[in-house]
Every structure is written in C-alpha cells, then in structure tokens.
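Worksheet for the structure shown next.
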Amino acid sequence: MRVAAILPACIFATGETMEYDFKRIEQAWRGRWAGQGTYTTGEISDKPKYYVLDMFPYPSGAGLHVGHPLGYIASDIIARYMRHRGYNVLHPMGYDSFGLPAEQYAIQTGQHPAVTTEKNIARYREQLDKLGFSYDWSREVRTSDPAYYRWTQWIFSLIYRSWYNLEADRAEPVETLVAKFAENGNYNVHAACEDGWWKEIRDQLFFGPDWEGDFSATDWLSMTKKQRELILMQYRLTYLADSVVNWCPALGTVLANDEIKDGVSERGGHPVVQKKMRQWSMRITAYAQRLLDGLDSIDWPENIKEVQRNWIGRSEGALVRFPVAGYAAHIEVFTTRPDTIFGVSFMTLAPEHPLVPRITTPERREAVETYAKAAGLKTERDRQSEVKHVTGVFTGAYAVHPFTGEKIPVWIGEYVLAGYGTGAVMAVPAGDQRDWEFARKFASEGLTIPNIFAHADTSAGAETSKEAVLCNSDFLNGLSYRAAFEKVIAEIEQRDIGMRKVNYRMRDAVFSRQRYWGEPFPVYYEDGMPYLLDEQDGQVTLPEVDKYLPTDEGEPPLARARREAWNVWKGERMEYNTMPGWAGSSWYFLRYMDPHNQQAFASPEKTDYWKQVDLYMGGAEHATGHLLYARFWTKILHDRGYIAFDEPFKKMINQGMILGRSNYLYKLRISSELWSAGNSAAENNLDLIPQGEVPPFFISKEIAETENQPFNNLADNAEINAYLNEWTLKLLAKYPGKKGKLVPSGVQRLPVDISLVDSDVLDIERFMSWREEFAEANFLLNEHKVYICGSEIEKMSKSKYNVQTPDELVEKFGADTLRMYEMFLGPVEQSKPWDTKGINGVHNFLRKLWRLCHDTDNRFVVNEETPTAAELKILHTAIKKVTEDLERYNWNTVVSTLMICVNELTENKCNKRRVLEPLVVLLSPYAPHLAEELWQSLGHMASVTNAPWPEFDPACLEEDSFDYPVSFNGKTRFFIPLGTALSQDEVSRAVLAHEQTARYLEGKTPKKIIVVPRRIVNVVV
RNA sequence: GCCCGGGUGGUGGAAUGGUAGACACUCAGGACUUAAAAUCCUGUGUCCAGCAAUGGACGUGCGGGUUCAAGUCCCGCCCCGGGUACCA
C-alpha cells in the first residue's frame, strides 16, 4: 500500500486497522458529490436565496498557496451553513483569466496565452477540488472565454450607447439625447461632460474659435454624420479622447491610476510616465456622488469604504475667475477656502496649464519654458520624491483680484497638478501651508504673506484652523470659516465671478490597453471615427498574431493581425486596443446567475431572484480597482433597466493575508585588496586577483549577527581568515601576474527555500545539491555544529522561496483538517504568519470524534439510548455557540466550541444517536467529508448537505444551581453554589451567611451587595 | 502628515461592562510498551510564602478617569502593521 509512507507509522506497526482514514473518506466523497451533483444550485423557487461569492482568482502559474483558500474556506462554511438553514444557495467559482502574466509569458516563449491559461486553470481546479468546496462548477465562468466576453463587449456597447442625464441623475440611452438635440439643440441639456469639452472638437465643427459648446436644433440638423458623432462622443459614458495617461514603456501599455503604486506599475514595478494618447475612457466621474452615497447602504469593512471615499475625494468649494491683467483671458481656480480670498497674494498654475505660454512675458519666457519642460520630463516617481522641495518660476504676468482689484503675480509651480481642479491655485499663504512655504521661499522675489486672521501669527506657519476669525477681509471680517464660506460664495455668484462647485479627485477611468490578452472592442473605424459593430456583424474575437508585441510603429499587438485573421472586419480598420483587466471582473457576479444564457448577460428573472451578492469574500487590495468599477457598472446596468439593484455586494468581508516565514543565509561578501596601502587600488585594479572563483561561504546566524557591524567582527574571525588566506594563495598560484589578497566586506542575505530548513536549521547536504552554484559552498557553523538561518515574516512569494502550498498538508492531514485549521488560526480578517505548529491539535480533534463513534476495532458504534440532561447540555451549549458565532462570522471560535463538545462527550463516553446526529450537522460546514461519512454511518441515504440545522433548546441549558463567584470590592475570593430560583435578596443573605465571608469582611459591615443573577456577587466593603 | 487596523502567557488566540488567559500549540512529569511512536492522565501567566494541600500579591502597551465591577467605556500618550498624500 503506497499510502503507508505518509501515514502515522503507529497504525501499521501495531497491525491495527486504520482509525480515521481521511484519504479514503475524502476521495470517496469527492467522487460522490461530483457524480450526484450534490452542489448543483437549486432552481428559482419560493425558498429564500443566499448568494455567497469569492473574489475570483487570476490563475497564475504558481498555483494556490495556503493563503488563497483562507477566504474560500470561510465562505464555503457560510454556504454550507445556509444550506442547512434551508436557503437556496448560489456559491460559484470561476477565473479572471485575461491578464498580464500569461501575456508576458507568451512574449517570452511564443506560447499562446490561451494555452498557458488553460494549463494554469487545470492546476487551480485540481487544487481547489482537493479542499472540498461546495462550488457549483456547472456555473464556472472564465473572462477570456468568448462566450463570456461576448457580454463584456455587449456591456461596453451599452455604456457607449448611454449618456448621463444630470437632471434625472441617471444614465439614459443616447437616443433621448439625440431627440433633445433635434428639438432644441443642447441648450437645456444637463449632461455629465468633461469641462471645456468643446475645445477639442472646435476646429472640426467650423463654429469658429470663440465657440463655447452651444448649438441649436438647426445647427444639429445641418451637421454631417461625422460632426454629430464628434459631438455625441463628448456625451457618451465611454468615449474616445486624447487624455493624459499613465504610460508604462516597459509593459508597452497605459495603466489606470489604481494599477500604479508609488509611481511605478503595480505589476513588475516599472516606471510610468505621463503621456497624451487617444484612449477609450469610462465616465465614472458622472457617478462620483452616487458611488459615495451608495457606501452608506452597504455593509463593508469601514476601511474599504474610507479608501473609496478618499479615492473619490469629494470637496466642496467654489470656482472663481481671476482676470489676467492686459489680456482678454482669465484664470479659473477651484478653492475649498473661498472665505480666505482676501488673503490671496499670488497665483500658481500647473506648468502644463494652457494659459502659461500665452501670458508669459518675453523676459520670463526662457525661464518658464525651461521649468515647464523639466517638469514635463519627470516621471510620477520623481515628482513624488521631491515633495519637500519647493520650486516654481514667475511668469511675469499679473492677475486682478476680483474683489480688491489688486494686481497679483502669476507663478507656475510643480506642486499644482494639471489634472486636479482647474490646474490653478489661488495662493493664500496665511491659510495654506503649501502656499505659505512657496511664499516664504520666494519672498526675495516679492511674494508676501498678508495676514487675514485676527489673533493669529502667520510668520511661523499658516493658520489652518477653521475656527480662526477673519480680518482684513472687507465684508468677511469677524466671521469664521462656516459663515464666511456661505457669504463669500453668495457674493461671488452675485457678482458673476464664479460659482459654488463640488470637485472630485477621481478621474475618468482609462479603458484601453495596448495588449493582446484582453477583450477586443466591438468597434471599427471609418473616416477616423469609431463605430460600434452591429448585432448582425457577429461577435469579434481575438485574432491570431505572429508575435505578442507592439508593431514597429508602436501600434498595439492586435494591429499585427492580418486582415483575414479577424473574424469580423469592417470599415477602414478594427479597434486595436483591448479592454483592461477590470472589464470582465466588473460584472461576473451577474453571469453566475445565468451562466449559459445566449440571449442576454443574464435574464431578468434570474437577476431578480438572486439579486445582490449577500456575502462577498476577498482581499482588501482591490479597494480602488475592482470594487469601485463593479459598483460603477452595476449602477449603469441598473440605470438602463437591466437589473433591479444598484449595488453589487451587500456585505463584504476581507480576509487577511497569510504571511510566509522565509529563511535566508548569510553569505560572506569577498573583495580583493592590495597587500600594502602604498598604491591606490584604482591604479592597480586590473592586477588584483579575481574573487569570482571563490566558492560561496555562508556564516551561521549567531556569528553573522552578533554585532551591528558584522564586517568588523568577521575580519577578526580566524576561520574566515583562514578560508580567505587559503584561497588567496590558491588564486595567486593560479594567476602569477596578479597580486593582492581576499578580504571580507560584509554579509549578504540570500533567500533559501524553506523546504531545505527545519526550525531554522539548514539541511546543508540538500542545500548543496539545490543549485549548482552551491555545490562547492562552505559553511561556518555555530557551536552546536549546525547552520542557523535568519528568518523573516513576509508576504508569500516565489522569489522568497517561502510559499506553502495546501497540497502537502492535504496529503498529510486531509482537507477537513486543513479547513478547520485555517479557521482555527484566528479571526479571518487578520493577517497572520503561516505556521503549521498547531495543525496536529485540530487533526487530533477529528480523530477523537472518530473514536467517539467507533470502537477499538473501528466498528461504528452508536446507541439509541436517551441522552442524559448533562449530555444534552453539552450538545445544546455547542448548538447555541456555533450558531451564534456563524451568524456573527466568527469562524475561529466555532472550532474551539466543537472541540469542547467532543472533549466533554468523550469524558461522558456518550455515543448516543440523539447527540451525535446533531453534532455531525454542526461539524459538516467545517469538515464536510468526515461529516458525510458519519452521516452515512448513522444510516442516512441522502447527503448531510441539506440536513436541517439543529434547533437550539434553551431548556437543556437550564440549571437548578449556579456556582456563584463571590467577590469583595471586585476581587473574586470564593465560590458558592446557590439555587438559580433564589431571589437577589436570598442570594445576598446566603453569601453573608457563608463561613468565608467574615474573613474578607474583616469585621466591617458591607456597604452594598450587588447580585447579578447567574453571573456574580460583588460585596462592597 | 492624515486615515484605518492592532497591542492579552513561551506561541496562535478566547472573553456581549460581570470568575482574564477558553480552545489549541509548546514544554515538563506520569501511565501503557522490550523500545519508540501514537494514545491517555497531570501540570504549565509572573512573583512571594510553604514539605504539602494551599494561601497571598501582581497582571491585558503606558498614564489618568467613569463604575459596585474595565482587556472591554471615556480622555491623553507610546509602539507595531496597513493604506494614502504637494488634492488647492
């Protein structure tokens, strides 16, 4: 029998039959579940529904590690629990199978990403299957499957055919917009558009340079098809526009803001630069307010909501226009503190601001252009790293203060971002720290810090308190922020120099990617304009290409496809961009409801029944990406009448990360040096002996880390010196022309595979055969003659060699044990290091339960006797606690409760059906295989999956007597058993009468006696 | 800087204002065994006194407060983890 090797040796050595044979049990039940379709979702019915969903994985080549299933196990437990509770449960799984890694791999190997993806999915599935999840696999979706992305494309088309009506506050079909245009032009159209949208298309519409976007019905009717398209494009919820995008040269694609971390790409860490490109965008800004408001209606972790609020970045303020002296132009600023307008002493524009070239005076032109050019060349990261460094230049131009008429110098400065607000700041150094620092830095060039706050000293810093009272502010004197804010806006609007405005930090989402492995757009071009494919054109699928790289002209990979390779070709050319990774994941939860529908993404009957996801389980890292975009698309589908709800995920729980414990070695760094200090090393560098041939030398932790300065320490170490001397001599002999000696120059940490290390002790033999470069390695051991590795707790990753896969643990302990153990580790939300130390305890629990139901010959033994009150109490305590904990999503404490229950039943030697049967149901969400096995042994033909959840009976917990802890001044001193029927008075009398009481009273009379029935007695002395 | 989490034995953690440390791991001792493993039993927060059963003191990051009673509530700090930022 092959399994013998991995089973506890005892079982075979003693010749006993195996007791808890998890291998046989788990394999058998997996087969039966699949064969009988145990987890096939029920039809739409009168049963209440429950939708529990995991964030679907990207099937990476590395497979699952123990961190992935944490959330899957937790959600599976809830899915199973809800089935026991009589709910119709939808619990699907699928794959987010478009993505960069498969494509990068394709670029390197030429292998089609579909092939790699297929292989990876097979591996994922194999791993998932071993863990006993109750997924309905008949509903699996893959975003890269044309049958799936057909509907992603359809939703794109729907969004293209929509505009945002601000009056109705919802998306509407473009037809209603066209009808308005035909009737009355755009005079009464209140739509979500980019500010100044007309500037971009002014030249192509022949309305002249002063046109500001208004047109009449007559204008509209006289326009050509192309002109109308140009206009409509400005209104669509997804549109093609020249926008400043984050271009990542290394990946050859643009990235969305949420795909960038610290100024570099989230995947790969490549630099990102700002670039203007013609791109598809999604008008998510139209939904900013609703995305913000919707957060109040969903039960999500507060920190995720907060991240989304910050990302949306709503701020209330005013737009104010400052005329430019001597020009028919004005600078528009957005400010959240219009109340401080009398403190404006200069203005700062973004270097990219369009007015800058126009208003810069000839003598300042060179300085301004140099500055703007330097700023434009900088990457995001460079700009960020210079946060503390204030820079800027004067344009020579002046603006006119709209209230005082004073002339205000106009500067440009990097700290003003072109993409936020209007790209211009009215600088109030007295009230804003950044402005204050700018003014102080350029004080010598005439910038001042006029004080506008009574009783405030603005010489050391800005006064940012909103309680501060204004002075030197004309009609605002004596007011503080709140009152002044309202008053000044009223005045600004009255004088028609600006208006109240709510600004959002969030930008529209770029929707094009210059990559191959993504959804192709259902779009073709004619006369340079994009058009949607018609229904009868059929679905466009990914064409074959010769290479997965951009063309020589820098076009996306799809431009490589020969015309015949496209299954649909229309117009001059097809769209060569593909959709971003978040396209397919923004609506997948809807497809699970009706995964095989050929007529629609999902039928209304199905979406009306299943509605929102009741419990969404996943990582917090998608806070500003997936979780925001899915909400956005849900709202569009809702507005357009396709679904009845406008939030996708009613409740969400984030599972914490499981961290890995990595080990590393301390490698001696060796350099060559001259014997004597007479000559400089640089002159003789070429003659130094090469140190590259010295085999690696590793130093045990205690020696390498005894001091903070290991180098000094190492130089004194006799063994290290002996080693280096030996090699110095060898090398000198080998290279007669060279000179010098080898010296230690510190240590370097080298990650080592954790499978080569046991409790930080390195298995030297296996390490040396791990890689060829270590075959000759030498080791400096500690006093116990072993090599101790360093360790660190960090994210599991391939490169750290600290990945723990679930496979080996399932092999060793079984899936039921692993499931319980992962829950037993602690609250799911918390991140924690992976440690298998305790897994034995959980495994022992399952074996103990097995022994409770089986005799020493491993025969199933349950009797039909009536349980005692004590046994019923044990059972019902567990029923109560397990139920309450699952309702509160406290997965970890359920495991302890079940342990206590089994421990106590074992003590009572209770193997009665009326106790064990409910217990098996309690266990089944956690250890479904074992529960099925026992359930069957108990004589049931049907699966335990749908067995009703045990009903808690409070009567079973009732006691005649309670062991009261008696405390004096809050300190518990002794216990007395008292009848639970006693009144509070009777209890206090009993306590006072107790022999021990006198001792703690020390002759004093108690001031007060507090009796909390069935809890505690506290005597106040 | 700002916004979230979190701080409890040697370790993971438990505790709806009411017996702090459940349940496990680890470790130690014992039983069974030729032996080992497995299993079972006992002990295991720290300190003090005692041969002992036991008794006492301290104890949930620190300092205050509310309360008969605080790990839990309030105020002020410290430390750790995560997120985020020239956002006007």
Side-chain angles (χ1 to χ4, degrees), chain A residues 8-11 13-14 16 19 261-262 301-307 309-311 313-315 317 333-337 340 348 350 383-384 386-391 413-417 419-428 431-435 437-438 503-506 620-621 623-624 654 656-657 659 793 821 824-827 829-833 835-842 844-845 847-848 851 884 888 890 892-900 903 906 963-975 1006-1012 1014-1021:
Chain A
C10 63
I11 291 154
T14 55
E16 279 175 37
E19 29 178 41
K261 290 259 139 69
D262 303 325
E302 204 45 51
N303 61 322
I304 299 277
K305 290 195 193 181
E306 203 55 35
V307 168
R309 284 190 194 107
N310 291 339
W311 188 263
R314 180 194 151 104
S315 49
V333 298
F334 171 73
T335 175
T336 55
R337 295 295 301 272
T340 62
T348 320
R383 278 211 190 189
Q384 275 182 9
E386 284 170 35
V387 166
K388 294 280 162 262
H389 188 60
V390 182
T391 64
E414 237 178 31
Y415 80 94
V416 182
L417 306 177
Y420 184 79
T422 61
V425 169
M426 61 171 221
V428 184
D432 181 286
Q433 192 57 32
R434 272 177 339 224
D435 295 343
E437 264 152 40
F438 198 89
N503 194 51
Y504 299 92
R505 187 187 91 112
M506 183 168 65
E621 66 273 21
T624 52
N654 294 127
M657 236 189 308
L659 305 166
I793 305 289
Y821 182 58
F824 189 60
L825 280 176
E829 300 91 330
Q830 254 166 49
S831 289
K832 53 219 144 205
D835 192 343
T836 51
K837 258 196 334 224
I839 198 166
N840 269 314
V842 174
N844 285 344
F845 155 72
R847 295 172 60 190
K848 202 164 178 180
R851 285 199 305 271
E884 281 171 359
R888 289 186 296 167
N890 283 0
N892 56 327
T893 46
V894 172
V895 183
S896 328
T897 305
L898 292 172
M899 284 175 172
I900 293 168
N903 286 348
T906 303
D963 214 13
Y964 274 94
V966 180
S967 54
F968 292 81
N969 290 337
K971 271 190 203 307
T972 308
R973 295 301 182 176
F974 58 88
F975 296 84
K1007 276 189 201 146
K1008 203 172 171 187
I1009 300 176
I1010 285 126
V1011 177
V1012 184
R1014 288 181 211 208
R1015 277 228 186 257
I1016 202 168
V1017 177
N1018 190 16
V1019 182
V1020 188
V1021 185

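Chain letters run A, B, ... following the sequence lines, proteins first, then strands; residues in each count from 1.
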| query | A:Arg309 near the nucleic acid: base, sugar-phosphate alone, or nothing, with a heavy-atom cut-off under 4.0 Å? | reply | nothing
| C1' spacing across the pair B:G13 / B:U26, given as an integer number of angstrom | 14 Å
| B:C3 versus B:U8 - spacing of their P atoms, nearest Å | 24 Å
| field | Length of the CG-P vector between A:Leu898 and B:A14, whole Å | value | 16 Å
| query | For A:Asn654 and B:G81, what is the distance between atoms CG and C1' respectively, to the nearest whole Å? | reply | 15 Å
| Range-with-range stems of RNA chain B (Watson-Crick or G-U pairs under 3.5 Å, three or more in a row) | B:1-7 with B:78-84, B:10-12 with B:23-25, B:27-31 with B:39-43, B:45-49 with B:54-58, B:61-65 with B:73-77
| message | With a 4.0 Å limit, can you tell me whether A:Gln830 has a side-chain N or O closer than that to the phosphate oxygens OP1/OP2 of B:G13? | response | yes
| query | Heavy atoms, side chains only, cut-off 4.5 Å: are A:Glu302 and A:Lys305 in contact? | reply | yes
| query | Looking across every strand, which nucleic acid part, if any, lies under 4.0 Å from A:Asp432 by heavy atom: base, sugar-phosphate, or nothing? | reply | nothing
| query | How long is the line joining CD of A:Gln433 and C1' of B:A85, in whole Å? | reply | 15 Å
| field | OP1 or OP2 of B:G18 under 4.0 Å from side-chain N/O of A:Arg1014 | value | no
| task | Mind checking A:Pro833 for me? I need base, sugar-phosphate or nothing, with any heavy atom below 4.0 Å counting as a touch. | result | nothing
| task | Using atom CD1 of A:Ile1010 as one end and atom P of B:A70 as the other, report the distance to the nearest whole Å. | result | 12 Å
| said: Would you measure the distance from the C1' atom in B:U46 across to the matching atom in B:G21 and give it in whole Å? | reply: 13 Å
| said: If the glycosidic angle sits within 90 degrees of zero it is syn, else anti. Tell me which applies to B:G9. | reply: syn
| note | A:Asn969 CG to B:C68 P, in whole Å, measures 12 Å
| field | Spacing of the C1' atoms in B:G12 and B:C2 (rounded, Å) | value | 33 Å
| said: With heavy-atom distances below 4.5 Å as the criterion, would you say the side chains of A:Met899 and A:Val895 are in contact? | reply: yes
| Relative to each other, are the rings of A:Phe334 and A:Tyr420 parallel, tilted or perpendicular (30° and 60° limits)? | perpendicular
| said: Could you tell me how far B:G17 sits from B:A28 if I compare only their C1' atoms? Round to whole Å. | reply: 38 Å
| message | Applying a 4.0 Å non-hydrogen cut-off, can you work out what A:Asp435 is touching in the nucleic acid: base, sugar-phosphate, or nothing? | response | nothing
| task | With P as the reference atom in both, quote the distance from B:C78 to B:G43 in angstrom, rounded to an integer. | result | 44 Å
| said: Whether A:Asn310 contacts B:A85 is assessed here as follows: a side-chain N or O lying under 4.0 Å from the phosphate OP1 or OP2. Is that the case? | reply: no
| said: Counting primed atoms plus P, OP1 and OP2 as sugar-phosphate and everything else as base, spell out the protein contacts along nucleotides 19-25 of chain B at 4.0 Å heavy-atom distance: B, S or - for each nucleotide, 5' to 3'. | reply: B--BBSS
| request: State, with a plain yes or no, whether a side-chain heavy atom of A:Thr340 is found less than 4.5 Å away from one of A:Met426. | output: yes
| Looking at A:Arg847, does any N or O in its side chain come under 4.0 Å of the phosphate oxygens OP1/OP2 on B:U39? | yes
| query | How is A:Val307 classified with respect to the nucleic acid when contacts are heavy atoms under 4.0 Å: base, sugar-phosphate, or nothing? | reply | sugar-phosphate
| task | Using the P atoms only, state how far B:G45 lies from B:G10, rounded to an integer number of Å. | result | 10 Å
| field | Separation of the C1' atoms in B:G5 and B:G59, to the nearest angstrom | value | 25 Å
| Rounded interatomic separation in angstrom, taking CG from A:Leu417 and C1' from B:C86 | 7 Å
Expected rows: protein N/O vs nucleotides 53-62 of chain B N/O, under 3.5 Å:
unit_1, atom_1, unit_2, atom_2, d
B:G55, O3', A:Arg999, NH2, 3.1
B:G56, OP1, A:Arg999, NH2, 3.0
B:G56, OP1, A:Tyr1000, OH, 2.9
B:A57, OP2, A:Arg973, NH1, 3.2

